[in-house]
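No hydrogens, no waters, no symmetry mates; every other heavy atom, side chains included, goes into these values. Keep in mind it's a predicted model, so treat the numbers as computed, not measured.
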Amino acid sequence: QVQLVESGGGLVQAGGSLRLSCAASGSIFSINLMGWYRQAPGKQRELVAGITRGGSTAYADSVKDRFTISRDNGMVYLQMNSLKPEDTAVYYCNAHGVREYWGQGTQVTVSS
């Protein structure tokens with residue numbers, strides 16, 4: 001069993017920055033991949049960024065060059081720079097191990 005807890009969301013002005021954190025606990029060594037998804041009103045949940053145990057990363061085209069995912073043991077981070085109103089969404093931490101795990105989500109709101 002793995003538990004994921006997100007933090008760092010909030011309200012920020014366009015052009016600003018936020019750093020999201022996800023703390024994984026439980027059987028964390030069973031996790032092979034962690035990432036961030038987001039879901040905005042009227043949109044499907046989408047993969048924002050992912051990182052493997054070995055450090056390989058992947059990004060959605062919409063956030064590439066603005067967001068950076070990183071990890072440190074059971075922690076995964078999403079540094080979000082140059083935020084845009086269209087980045088407004090609930091951001092979910094995700095982990096793949098023996099099964100898929102999800103956090104409760106953290107709201108990111110970017111004002112224009």
Side-chain angles (χ1 to χ4, degrees):
Q1 189 70 268
V2 173
Q3 296 81 44
L4 304 174
V5 180
E6 303 99 331
S7 62
L11 176 65
V12 66
Q13 293 178 301
S17 298
L18 284 173
R19 183 162 116 130
L20 305 184
S21 299
C22 176
S25 61
S27 301
I28 60 174
F29 287 104
S30 69
I31 298 172
N32 297 311
L33 182 148
M34 296 188 70
W36 290 94
Y37 285 72
R38 68 185 182 188
Q39 188 163 26
K43 289 191 173 183
Q44 296 179 324
R45 187 173 296 187
E46 64 175 344
L47 175 66
V48 176
I51 186 166
T52 68
R53 184 180 295 274
S56 298
T57 60
Y59 298 91
D61 288 342
S62 59
V63 308
K64 197 159 188 173
D65 301 322
R66 298 189 297 119
F67 292 9
T68 303
I69 189 169
S70 61
R71 57 159 291 276
D72 180 16
N73 295 320
M75 300 289 296
V76 64
Y77 306 94
L78 186 68
Q79 179 66 46
M80 305 185 295
N81 298 326
S82 302
L83 283 161
K84 305 174 180 179
E86 50 263 45
D87 295 318
T88 295
V90 178
Y91 284 70
Y92 297 91
C93 186
N94 170 264
H96 290 274
V98 296
R99 54 155 287 185
E100 193 173 25
Y101 303 93
W102 295 92
Q104 289 293 312
T106 185
Q107 177 71 48
V108 172
T109 302
V110 184
S111 64
S112 59

Decide yes or no for Tyr77 and Cys22: does some side-chain heavy atom of the first lie under 4.5 Å from some side-chain heavy atom of the second? no
Locate the shortest heavy-atom distance separating Ser21 from Met75; write the atom from each residue and the value. CB-CE, 4.1 Å
Side-chain touch Tyr91/Glu6, heavy atoms, less than 4.5 angstrom: no
Any heavy-atom pair between the side chains of Met80 and Asp87 that's under 4.5 Å? no
More than 12 heavy atoms from other groups under 6.0 Å of CD on Gln104: no
Could you report the tightest heavy-atom contact between Leu11 and Ser111, atom names first, then the distance? CD1-CB, 4.3 Å
Honestly curious: do Ile69 and Val48 fall in one hydrophobic cluster under the side-chain, below-4.5 Å linking rule? yes
Hydrophobic clustering (ILVMFWY, side-chain heavy atoms < 4.5 Å, transitive) - are Val76 and Ile28 grouped together? yes
Between Lys84 and Val110, is there a side-chain heavy-atom distance shorter than 4.5 Å? no
When rounded to the nearest 0.5 Å, the distance separating CG of Leu47 from CH2 of Trp36 is 12.5 Å
Can you establish whether the number of heavy atoms outside Gln107 located under 6.0 Å from its atom CD is more than 12? yes
Under 4.5 Å between side-chain heavy atoms, hopping through other hydrophobics if needed: is there a path connecting Leu4 to Val98? yes
Which atom of Thr68 lies closest to which atom of Tyr59, heavy atoms considered: CA-OH, 3.4 Å
Distance (rounded to the nearest 0.5 Å) between Ser17 OG and Gln79 CD: 5.5 Å
So, for Arg71 and Arg53, which heavy atoms are closest and what is the spacing to 0.1 Å? NH1-O, 3.5 Å
Determine whether Phe67 and Leu83 make a side-chain contact, defined as any pair of heavy atoms from C-beta on separated by less than 4.5 Å. yes
For Ala89 and Arg38 the tightest heavy-atom approach is CB-CB, 3.8 Å
With rounding to the nearest 0.5 angstrom, report the OG to CD distance, Ser25 to Gln1. 9.5 Å
If hydrophobic clusters are built by linking Ile, Leu, Val, Met, Phe, Trp and Tyr wherever their side-chain heavy atoms come under 4.5 Å apart, do Leu18 and Tyr37 end up in the same one? no
Are more than 12 heavy atoms from other residues, nucleotides or ligands located less than 6.0 Å from atom CD of Glu100? yes
Hydrophobic clustering (ILVMFWY, side-chain heavy atoms < 4.5 Å, transitive) - are Leu78 and Val12 grouped together? yes
So, for Ala24 and Val2, which heavy atoms are closest and what is the spacing to 0.1 Å? CB-CG1, 4.5 Å
